[in-house]
Amino acid sequence: MVPPTNSSTTNDMITEEPASPHQIPRLTRRLTGFLPQEIKAIDATIPLKSRALWNKHQVKKFENADQFEGRFIDHVETTLARSLYNCDDLAAYEATSMAIRDNLTIDWNKTQQKFTTRDPKRIYYLSLEFLMGRALDNALINMEVEDNTTDVNGSKKTESGNTRDMVSRSLNELGFKLEDVIEQERDAGLGNGGLGRLAACFIDSMATENIPAWGYGLRYEYGIFSQKIIDGYQVETPDYWLNFGNAWEIERNEVQFPVTFYGYVDRSEKSTSTLAPSQWIGGERVLACAYDFPVPGYKTSNVNNLRLWKAKPTTEFDFAKFNSGDYQNSVEQQQRAESITACLYPNDNFEQGKELRLKQQYFWCSASLHDIIRRYKKTKRPWSEFPDQVAIQLNDTHPTLAVVELQRILVDLEKLDWHEAWKIVTATFAYTNHTVMQEALEKWPVGLFGHLLPRHLEIIYDINWFFLQDVAKKFPKDVDLLSRISIIEEGGQERQIRMAFLAIVGSHKVNGVAELHSELIKTTIFSDFVKFFGPSKFTNVTNGITPRRWLKGANPELDKLISETLKDPQCNYLLDMPELTKLNALADDKTFQKKWYKVKKDNKIRLADLIKKLNGGVDIIDREHIDDTLFDVQVKRIHEYKRQQLNVFGVIYRYLAMKTMIANGASLDEVEDKFPRKVSIFGGKSAPGYYMAKLIIKLINSVADVVNNDVEIGSLLKVVFIPEYNVSKAEIIIPASDLSEHISTAGTEASGTSNMKFVMNGGLIIGTVDGANVEITREIGEDNIFLFGNLSENVEDLRYNHQYQDTPIPEDLEKVLAHIEEGNFSPENPNEFQPIVDTIKSHGDYYLCSDDFESYIATQELVDQVFHKQRDEWTKKSILSVANCGFFSSDRCIQEYSETIWNVEPIKK
């Protein structure tokens, strides 16, 4: 029935090791992802009886509650080998997920076959992070079924679209609560911060917009790390997110690619040129094994794919070593291979960590490129048409090695002329930049790079050679330009490969992620490239977020209020976010404001419950006054440029001012009138090797210990650090915020997406004129955001003044720093926080906390005034923020990328 395995031009899978080290591994073909002509050929070989049986028993999606319940029980009893008597919440979660995944898989197969049949241009999104969050709730929101069931009274009921409610009712009848079942799912440890969350939003929107797209990432065994706070310090432990498996992934044992490291380059005697086809003889080889993660679109049967790679050894077990008693080294190959995908961002403060990071990046890029090319070669198109069928987006510089790898494949394996291959490469790739800070641009030492990837280093030298020749022809007298723009940085102890420069040279488009950011990269870090290539190569696509997860999923009460108000029971506004502008007319409506604030209050109670749970069952927030307590939130990756230290300096200032009033005889009511009730909430992880960021976390927790235990101020001020900040916690924190802090030094934040999430949930912003705060101000109105601080154009002058002139520190900040220096927050080690103080007083205050401090405090006083004395005005601002946030939907982003960069079109039914 099945034709010979060599008759298809599909998947490559290693079946044996080469007979000699110079021989390329032999590959076989697998029957997956058929082309139309292949389907006809295979179909002709299948006996009629077999086809009839196959059609008779074809798997179908569940379409109502009764069918879901049957599928649920089937998975409990057969897949999980459990029963009615031992099916707990975890088993219920796994069975529910598998039942939902069954539906998605059927749609996934149809989607992929549709794309294969129509053969459109596809976009491949390469991101080292995909911070997906919980998959079950997201799938329930996005997936549609027709619920045609009969209730207990025998009445027919038909409900379209609300899969979540249908599954919730079914689980309730089966003896479970959907909320408890959802809680069983661990957040997938596939990312860290905004970069990964952006990629997850984009994958969601690509599916929703019916874009033919695949995401490519890595399947990290232990995530980045699990954050524990012990005695106020961040302690990193493994994130065992796969302890109970992952019900959403599909292991593709038939999709495996060899990935090579180290070794040397061999050439025929006829040619010594690095431009000619060469053979890279590797010293180590591992297997890249595929795991697929279906990503459903909203109100569409389109299901796109996120393919994640896991590293495995070519030989897992050395029996000879084991038999000789060398047990540890008998599994050495397995350990070396699996370390590649063990965790995200290995600590690169030492040489082995740097090498592992580079190894990780090449492993991922190589496997993804070979998979993309395998799919393209099935179409039998010439290589010249590759850019017409394939677009590859580099999400930051991590996947830049894909540029070099594609050039190597085309030249060395496909035997294309070097310049013809390079033309194909540059027409295929586009690069998204996520930073304006020179020090944050990724670089690799030439020695390390050449040791791990010798052929790729040769190719990079050739790319740089031809590029600099073109630069010299255009600017023959500008010698300094050549060194500034070179991909190879010559200064310092060792030459470095500048990956951002390589990404620019190897791409046809470069985009920033907010208007201010896109202008800054053109005038600062990439100005020389604008001079050479011209401004048309550089563009802007402002970031966005998916409203399905961040409004409907995270804030169901607000979603319900909006859909009822818009008379949109099917929540179609989530596909057409400008519909929210209809809420503008209700911003002053007192009845609507009351409903609006009730939603906010309920969300604040939900966050108070989380904080109580994390605090061992003890409340930190005074629930009796929760209505009158401002929830001030800053949750994001801990970094000096994001200025959590400025926030905590503001908390200390407020605390000291309150204590001074009490010491001068003021009553608690008088203190509350000046400094109304407030809880400052922090969350986020520091990179394991980032000393200063970890010290800021310790300072926040030490301040919390003092403030929260001060009986004199009671519950007027509280400080909370929420450990292990992730997507699931964000879905509780963000809807509860009254105020969120986005206070990076002007000109340092590329965009930010958490600011968009807070605005979409009715939280007001206190922020600098930085990143997407600029566009948020434009969209929602400057009256509805609290801006402060210096502008980006003043930053360099201020830094110069700190370096070379005597720049005074504001008196109030001096008091704050003195209080820290005196050891009031670290009595056992008075000098513990001196490095933080020194960054302000002795080391030039690079992030300008002292310059923005007075403006920050004055703006916080304005926040207090509006929230506590003008509550209706505050609620009006909140409503207007949500009403005008539609621009920040990631659907809009994907439409812009598709039209201006990728040149891809949606494929609908």
Side-chain angles (χ1 to χ4, degrees), residues 89 133-134 137 177-187 226-235 237 553-558 597-636 644 647-648 651 654-655 672 676-685 697-698 700-741 754 757-758 761-763 867:
D89 284 344
R134 287 173 174 158
D137 202 27
K177 288 184 178 179
L178 177 60
E179 293 72 20
D180 296 337
V181 169
I182 288 173
E183 280 297 314
Q184 299 303 308
E185 183 176 359
R186 296 282 298 268
D187 276 37
S226 179
Q227 182 192 55
K228 310 292 183 189
I229 301 298
I230 300 175
D231 297 329
Y233 297 96
Q234 171 180 293
V235 176
T237 61
N555 203 339
E557 276 195 63
L558 183 59
Y597 196 74
K598 181 186 182 303
V599 170
K600 181 64 69 175
K601 180 182 177 181
D602 290 345
N603 285 324
K604 289 167 79 168
I605 292 170
R606 190 164 63 127
L607 176 54
D609 291 342
L610 173 65
I611 292 170
K612 179 180 179 180
K613 179 181 176 182
L614 295 171
N615 193 45
V618 178
D619 260 323
I620 294 176
I621 296 167
D622 184 351
R623 290 170 184 262
E624 187 179 340
H625 295 97
I626 204 164
D627 256 351
D628 301 318
T629 302
L630 176 75
F631 278 33
D632 182 337
V633 179
Q634 188 179 20
V635 284
K636 54 185 72 213
Q644 285 91 352
N647 188 345
V648 77
V651 172
R654 190 183 188 94
Y655 173 67
E672 184 176 358
R677 295 178 181 276
K678 179 178 183 178
V679 54
S680 289
I681 298 166
F682 297 83
K685 294 179 180 180
I697 291 174
K698 171 59 177 169
I700 293 168
N701 284 295
S702 295
V703 170
D705 283 342
V706 171
V707 171
N708 295 349
N709 291 298
D710 191 320
V711 293
E712 277 192 336
I713 65 169
S715 60
L716 294 185
L717 179 63
K718 296 294 180 182
V719 182
V720 178
F721 187 94
I722 295 178
E724 186 60 9
Y725 178 63
N726 56 22
V727 175
S728 296
K729 287 195 173 85
E731 290 170 356
I732 297 174
I733 296 167
I734 290 171
S737 92
D738 294 305
L739 184 76
S740 63
E741 308 224 4
S754 65
K757 293 163 194 161
F758 281 101
N761 281 275
F867 181 81

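Hydrogens, waters and symmetry mates play no part in the numbers below; they use all other heavy atoms, side chains included. Numbering starts at 1 and runs along the sequence shown.
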Any residue meeting ring-ring contact (aromatic ring centres under 6.0 Å, His included) with Phe682, in chain and number order, not counting sequence neighbours: none
Any residue meeting ring-ring contact (aromatic ring centres under 6.0 Å, His included) with Phe631, in chain and number order, not counting sequence neighbours: none
List the residues meeting salt bridge (charged side-chain N to carboxylate O under 4.0 Å, His left out) with [X], not counting sequence neighbours, and say none if there are none.
{"X": "Asp628", "result": "none"}
{"X": "Lys598", "result": "Asp602"}
{"X": "Asp710", "result": "Lys659"}
{"X": "Lys604", "result": "Asp738"}

Give a yes or no on whether the backbone of [Y] and the side-chain of [X] come within a donor-acceptor separation of less than 3.5 Å.
{"X": "Asn701", "Y": "Gly232", "value": "yes"}
{"X": "Tyr655", "Y": "Leu717", "value": "no"}
{"X": "Lys757", "Y": "Ala730", "value": "no"}
{"X": "Asp622", "Y": "Glu624", "value": "yes"}

Distance, nearest 0.5 Å, that separates [atom1] of [X] from [atom2] of [Y]:
{"X": "Phe721", "Y": "Gln634", "atom1": "CZ", "atom2": "CD", "answer": "10.5 Å"}
{"X": "Ser680", "Y": "Glu741", "atom1": "OG", "atom2": "CD", "answer": "7.0 Å"}
{"X": "Lys600", "Y": "Glu557", "atom1": "NZ", "atom2": "CD", "answer": "11.5 Å"}
{"X": "Ile697", "Y": "Gln234", "atom1": "CD1", "atom2": "CD", "answer": "4.0 Å"}
{"X": "Ile732", "Y": "Leu607", "atom1": "CD1", "atom2": "CG", "answer": "7.5 Å"}

Go through the structure and list residues passing side chain to side chain contact (heavy atoms under 4.5 Å, CB included) with [X], not counting sequence neighbours.
{"X": "Asp89", "answer": "Phe176, Asp180, Gln184"}
{"X": "Ser728", "answer": "Arg134, Asp187, Asn726"}
{"X": "Ser754", "answer": "Lys636, His742, Phe758"}
{"X": "Arg623", "answer": "Ile605, Ala608, Asp609, Lys612, Asp619"}

Residue pair [X] / [Y], side-chain heavy-atom distance below 4.5 Å:
{"X": "Val599", "Y": "Asn761", "result": "no"}
{"X": "Asn603", "Y": "Asn555", "result": "yes"}
{"X": "Ile722", "Y": "Leu614", "result": "yes"}
{"X": "Ile733", "Y": "Tyr725", "result": "yes"}

Closest non-hydrogen atom pair between Ala554 and Pro735, with its separation: O-CG, 3.4 Å
Minimal non-hydrogen separation, Pro723 against Ile229, with atom names: CB-CG1, 3.7 Å
Show which side-chain atoms of residues 702-709 pair as donor or acceptor with protein atoms under 3.5 Å away, not counting sequence neighbours.
from, atom 1, to, atom 2, distance (Å)
Ser702, OG, Lys698, O, 2.9
Asn708, OD1, Val719, N, 2.9
Asn708, ND2, Ala704, O, 3.3
Asn708, ND2, Val719, O, 2.7
Asn709, ND2, Asp705, O, 2.6

Pairs meeting criterion salt bridge (Lys or Arg N to Asp or Glu O under 4.0 Å) with involvement of residues 721-730, two or more places apart: Lys685-Glu724
Salt bridge (Lys or Arg N to Asp or Glu O under 4.0 Å) partner of Asp632, the single match among Arg654, Arg677, Lys678: Lys678
